[in-house]
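In this text, all values refer to a predicted model and were calculated from it rather than measured experimentally.
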Amino acid sequence: MSPAERVIEELGITEPHEIDLEVIAFHLGATIKFCSLDGCEACIMGYGDKAIIRVSDTVSPQRRRFSIGHELGHWCHHRGRPLFCKQEDIGGSDRTGKPSPKKAEERVADGYAGDLLMPRSVFRLVARQFKALNFETIRKVAGEFDTSLTATAIRFVDMDHTPSMIVCHGLNGRKWFSRSKSVPERWFPKTDLDSESPAFDILHGKAPESKFSSRIGADAWFDQFDADRYEIMEQTIRTFDGEILTLLIFKDEKMLQDLDTRSYGGRR
């Protein structure tokens, strides 16, 4: 059990609406203040066992909630020094590759926020009500937890509700991605969008968001030598600042097998 989920258990929280961050912060010795901030989205300063978390009052309520969870993550893991977090430090960015020490700290704080806002035990009960993973499902669950679509999508993928991947693109290419544990690491998405992908036209403003998932050749998304043998399901929405999120669903069981097991005719 993670530190954040231990707090959830200590407070007896079993339903999404019970996740009151001001109560949780008070329990942890922190006070939350919403105010105007210059140069950062949130910050925390503590002394002894008490802390003050300041959060920008100009961002969305869901964003504020994640920022509070993020700062409480710093309070748990990086206590003893002031931390000022910019927008790019908080959330799903830079989830691939070996992070710098600074980025590693931010990733730890993000993980704490995810566990606090969408604790596995509670999230699993809500998520299992939905058989199909798509952005309609993600929106409904995000409404239950009062979290952003991006954070909720990452949670679905991280908890392996369905073999899937969430990929964020901006005009300069792929920004980050997260894959389910059931999806082998060899499926690493291309940096640039393929013009055959519906996501390409959505990113460049020529098409509306995807209301439904569509089938596409896996080679539009992956450079793997055998990608042209498979198809995946794709659905894309716009987020902010010219970015898009694409949900990829892996329905072909052969894609979920490692190369060494497939070479022997199946799983060993």
Side-chain angles (χ1 to χ4, degrees), residues 59-60 62-63 66 87-88 90-97 110 127 130-143 147-180 182-256:
V59 297
S60 70
Q62 292 79 20
R63 184 69 181 176
F66 197 90
Q87 180 177 345
E88 60 267 24
I90 302 173
S93 61
D94 194 28
R95 294 175 60 84
T96 60
D110 278 348
F130 302 90
K131 292 184 178 180
L133 179 56
N134 50 49
F135 278 114
E136 180 181 0
T137 293
I138 293 169
R139 281 192 178 92
K140 289 178 180 178
V141 175
T147 48
S148 70
L149 282 178
T150 298
T152 310
I154 291 172
R155 197 60 165 171
F156 264 105
V157 170
D158 285 352
M159 291 194 63
D160 218 351
H161 174 279
T162 300
S164 57
M165 181 180 291
I166 191 80
V167 190
C168 176
H169 279 89
L171 294 175
N172 293 323
R174 189 191 69 237
K175 300 192 74 172
W176 55 265
F177 76 93
S178 183
R179 69 163 76 80
S180 296
S182 58
V183 177
E185 291 185 6
R186 72 190 187 95
W187 297 114
F188 196 98
K190 298 177 182 178
T191 300
D192 297 315
L193 285 170
D194 191 297
S195 60
E196 295 298 315
S197 167
F200 183 91
D201 286 336
I202 295 173
L203 176 63
H204 294 285
K206 298 178 181 179
E209 294 183 350
S210 307
K211 291 185 178 180
F212 305 99
S213 298
S214 58
R215 193 176 299 275
I216 190 170
D219 56 339
W221 282 91
F222 307 104
D223 282 328
Q224 268 289 331
F225 74 92
D226 58 342
D228 59 351
R229 302 178 189 175
Y230 308 113
E231 291 183 328
I232 55 176
M233 303 301 294
E234 167 186 337
Q235 186 183 12
T236 301
I237 62 168
R238 292 186 178 89
T239 52
F240 58 89
D241 295 335
E243 295 181 2
I244 59 171
L245 280 183
T246 301
L247 179 67
L248 303 177
I249 303 295
F250 296 73
K251 291 197 170 184
D252 193 323
E253 286 293 329
K254 291 182 179 179
M255 291 187 75
L256 304 180

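When side chains are defined from C-beta on, D226 counts as touching R186, because their heavy atoms get closer than 4.5 Å. Side-chain atoms of F66 and T150, non-hydrogen and from C-beta on, never get closer than 4.5 Å to each other. The shortest distance between side-chain heavy atoms of L256 and P184 falls below 4.5 Å. Inter-residue side-chain proximity for L247 and S213 is flagged as unmet; no heavy-atom pair is nearer than 4.5 Å. The closest side-chain heavy-atom distance from K211 to E136 is not below 4.5 Å. The shortest side-chain heavy-atom distance between T152 and L149 does not fall under the 4.5 Å cut-off. E234 is not listed as a side-chain neighbour of S210, based on a closest heavy-atom distance of 4.5 Å or more. Side-chain atoms of Y230 and Q224, non-hydrogen and from C-beta on, never get closer than 4.5 Å to each other.
Here the closest non-hydrogen pair linking P208 and I202 is O-CG1, 3.3 Å. What you find for F222 and A227 is that their closest heavy atoms are O-CB, 3.7 Å.
The aromatic rings of F188 and F177 stand perpendicular to each other, their planes meeting at an angle above 60°, with 30° marking the opposite boundary. The aromatic rings of F250 and W187 sit tilted relative to each other, their planes meeting at an angle between 30° and 60°.
Residue pairs satisfying the side chain to side chain donor-acceptor pair (under 3.5 Å) criterion with at least one member in residues 159-169, sequence neighbours excluded, are listed as follows: D160-S180, D160-S182, S164-S180.
One finds the OG1 atom of T246 at 9.5 Å from the CD1 atom of I216 (value rounded to the nearest 0.5 Å). Considering CG of D192 and CG of N172, their distance stands at 9.5 Å, rounded to 0.5 Å. The line from CG of D252 to CZ of R229 is 11.0 Å long, rounded to the nearest 0.5 Å. Atom CG of D219 is separated from atom CG of D194 by 7.5 Å, given to the nearest 0.5 angstrom. Atom CZ of R238 and atom CG of L245 lie 12.5 Å apart (nearest 0.5 Å). Distance OG1/T236 to CG/L203: 9.0 Å, rounded to 0.5 Å.
Heavy atoms from other residues, nucleotides or ligands lying under 6.0 Å from CD of E209 number more than 12. With a 6.0 Å radius and a threshold of 12 heavy atoms from other residues, nucleotides or ligands, K190 has its NZ atom above the threshold.
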(request) Take H204 and L171, measure what side chain to side chain contact (heavy atoms under 4.5 Å, CB included) needs, and give me the verdict at the end. (result) CA-CA 8 Å; H204 294 285; L171 294 175; 4.1 Å; yes
(request) Could you please spell out the steps behind the side chain to side chain contact (heavy atoms under 4.5 Å, CB included) verdict for W221 and L193? (result) CA-CA 7 Å; W221 282 91; L193 285 170; 3.5 Å; yes
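A donor-acceptor pair is defined here as one N or O able to donate and one able to accept, closer than 3.5 Å; no such pair exists between the side chain of R63 and the backbone of S148.
Of the listed residues (R215, M255, K251), just one forms a side-chain contact (heavy atoms from CB on, under 4.5 Å) with E231, and that residue is R215.
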